[in-house]
Structures are given as C-alpha cells and as structure tokens.
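Note sheet for the following structure.
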Amino acid sequence: MIRLTPDPIDYHALTDAVVRPECGGVVLFLGTVRELTGDVRTVFLDYEAYPPMAEKKLAEIEADARSKWPLGEVAIVHRLGRMHVGEVSVAVAVSCPHRAQAFEAARFLIDRVKELVPIWKKENAPDGQSEWVHG
Amino acid sequence: MIRLTPDPIDYHALTDAVVRPECGGVVLFLGTVRELTGDVRTVFLDYEAYPPMAEKKLAEIEADARSKWPLGEVAIVHRLGRMHVGEVSVAVAVSCPHRAQAFEAARFLIDRVKELVPIWKKENAPDGQSEWVHG
Amino acid sequence: MITLTVLLFARAKELMDRDAVSVAVPSPATVGDLRTHLAAAFPPLAVLLPRCVIAVNHEFAEDSHGLNPADEIALIPPVSGG
Amino acid sequence: MITLTVLLFARAKELMDRDAVSVAVPSPATVGDLRTHLAAAFPPLAVLLPRCVIAVNHEFAEDSHGLNPADEIALIPPVSGG
C-alpha cells in the first residue's frame, strides 16, 4: 500500500494492516521531525512532492523489495505539507515470515524512498529563516 | 522500559512512548505467532518464563544497547501464557537521532532477547500434540 | 523550434516564483539541449540545474533522451523526503 | 553434604512434573558437581541436562562456579522466546 497524504499518518492502523498469519515478523519505521540537525534548530518542516512521479517511484520501490524478500504486506505512507517537531513524516511497515527479512526489507524501503522519491523538505528555524534541504 | 505481561501487548502505546523530539527515527518490531514453522502447523503457543532472571537479562540487554547507540527511548515487552496465530508475543520499540541507528539497535535487541532471555515456547498443533521449542 | 514546458519544485519553484516554465528549443531536442536552453533563458536556475535531474513522463532521464512537446517534463532538485 | 534446590522450566518441568527438585551433593560443590548428581538422581533429566545452562542467582554460571544452599539455582533449557 502506497500513499501520499496531507493528513497525520495513522501508523497504528498501518501496523495492524500488515500483520499476517504466515508472517512472524513485523517492522514499522517512523520518520519524525527532529528538533536539531547538527546545530540548526527546526520548528517545523514543509514537505512538497511531485505526486504522480512520487507515487510511481514508491510503487517501483515496493515491487523491487517484493522481488528481494518474501514480503507479506508492505505499506509506505509519506505525509506532505507542514509538520512540527515530533510529528511523523513517513511510515514504512512490512511483514515477513522471519524477522531478519522484515528488518532488511524495511531498511531497504526507507533508504530507497529517501534516495529516489521526488519529495522535498524545507526547514523552518525559530528566527523565521527557511531553507530547502537538497540531499 | 522492560516488561513481562500475561496481557495482550499494547504496541500502539509502546510506539508512541518512544517518540522523542531529538530522535528522527523510530523502529518497532513485533514478533507474532506464525501459522507454519517449516511444515508444522501451529494453532497456539504457550510461553513460559523464569521471570526474575528474564527481567534482569532484559535490563542488561537494554543497557548493552544504550552503550552502543545514542538511544532516546527503549521498550521491550514480552507476553507470557497462551497466544494464538497472529497474536503479538514480543514487541521492541526504539528511537534514535538517525534511522540507521534505530534499525541496528532494534535488530540487536530482538536478537539478544531470543538468545539470552529465559523464556520458552511450546507449539501446539491441530492434532493436540505439543512440543517445547528448545533453541 | 518546439516549446517545452518544465514543472518546477522546491527551491527551483521558489527561485522562479512559479510552478512551471516554458522554453523554446530547436527540434529535435534532447534533455541535454533542454538544460542548456533553460540555463540561458532563466539565469536564476543556472546554479541549481547541474544538481538537478530531469524527469520525463515520471522517469529519470539521461541527457541523451529525446524530447517532444507532449512529454511531461520536470526539474527534480536533489530529493530530501523522509 | 548440602542440599541444593533447582528450579525447573519448560521441558525439564514437564519431564519431572514439578517446578523444582532438591538434590544432596558433597560440600564444597560446583555447578559441574550439581550436573552429575542431578543426572544420577533424576534419570528423566539426564538427556536434557547437557543442553541446559545452570543459572545461579539469575546469572548463567560455568561448571567451575561454586554453590551454596542459599543460592537460587535454575536449570535453563535452550531458550526459545520471541
């Protein structure tokens, strides 16, 4: 399941959605807005996407992971718009028969999302300054 | 946070409990009762522990992980008693400043739990046969 | 000459203060030709362009990739999602 | 002689149909001595014992570890939690 959404991510529902009787391991990853990046303090982030291409890339990444691991369910949700410190910007949930596979697949998915999906964030500091984070 | 419990694990609360403003990555692992182990079909599992030693080992494993990674919060909960297919027997949740650390720490924790903590499970098959799983 | 429309995102969109720009390029045109003409026509983009990828119909495209006016073309700054 | 009580779990508990067994061993006694006397006194445990670890006061103990009657001793079959 692939989704871009302006709304808070219901990662509890996402976790429940990937549990499967044939899968003994579930891994959920949440990316949250961090207060500090190095010395720079963030108050909120603005996320922007190129939606049709982002959805296509997310689907390709899921297919790629399914070709590598015997995944039960896969869910990748990225939130767009403004998020404050502590809010969840991205969630990845997977189930696999065994835990090693679940960890590897979840790690692969979030790494590829950050590398390949056209989504950008702008950091907004307490002094009102803002800057696009470019890779 | 370390806990042994006879009750269903509230892994949603566990996930929320580890989110921290200085931590950009949260990883939750759930071990669920799998229907098949090789060719053997499981209907339910019975988990038994040596509680005081199990709690001591869990605390040592948490301390060991904290010495290796800059963990924000750590939660390890193992359920005991009878569980049916799909139910969650163990949950590990961590937060870390960066995602690679969060994945590594969660993986380390569950691997050590399975290696070092005196908890045992008995598999109960559809024909009424049961057998202790001994490593 | 053909006219190509290029979608802009993130810093590129801010630099140009618009969602898309159009540029005339001699036909046949490649992604590499588009880069050259974009930089010349829109100086604010010139510094950012070498760090961007061009996407054609939702796929990353090499400089040798041929373009036509019906393509959906986008300028993709280094991504920073997650 | 001292009497040592050993807590049993999982298959060991089922084999003996009880939570704990007591065994008399010559003093001073080590974990290794305890193993020998347990196997002799409780034949059903003999096959399982070599695959078990002995825990003393909630810590895994080597065969050379010395024992006294106040210790909390447990027979730990290979663990299978998670």
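Labels below follow one simple rule: chain letters A, B, ... track the order of the sequence lines, proteins then strands, and each chain is numbered from 1.
With A:Thr42 contributing its side chain and A:Glu123 its backbone, the two residues share no donor-acceptor pair below 3.5 Å. Not a single donor-acceptor pair under 3.5 Å links the side chain of A:Ser89 to the backbone N or O of A:Thr32.
Minimum heavy-atom separation, C:Cys52 to C:Pro77: SG-CA, 3.7 Å. Across every non-hydrogen atom of C:Ser22 and C:Thr3, the tightest pair is CB-CG2, 4.0 Å.
A:Glu131 does not touch chain C: none of its heavy atoms, backbone or side chain, sits under 4.5 Å away. Both the backbone and the side chain of A:Lys114 come within less than 4.5 Å of a heavy atom in chain C. Contacts between A:Ala49 and chain C at a heavy-atom distance below 4.5 Å involve the backbone alone (N, CA, C, O). Both the backbone and the side chain of C:Glu59 come within contact range of chain A, judged by heavy atoms closer than 4.5 Å. If you measure heavy-atom distances from A:Lys56 to chain C, the contacts under 4.5 Å come from the side chain alone.
For the set A:Pro118, A:Gly31, A:Pro52, the count of heavy-atom pairs under 4.5 angstrom toward chain C peaks at A:Pro52. Across C:Ala55, C:Ala10, C:Ala74, C:Gly81, the residue that shares the most heavy-atom pairs under 4.5 angstrom with chain A is C:Ala10.
A distance of 6.0 Å or more separates the ring centres of A:Trp120 and A:Tyr50.
The pair A:Glu60-A:Lys57 meets the salt-bridge criterion, since a charged nitrogen lies less than 4.0 angstrom from a carboxylate oxygen.
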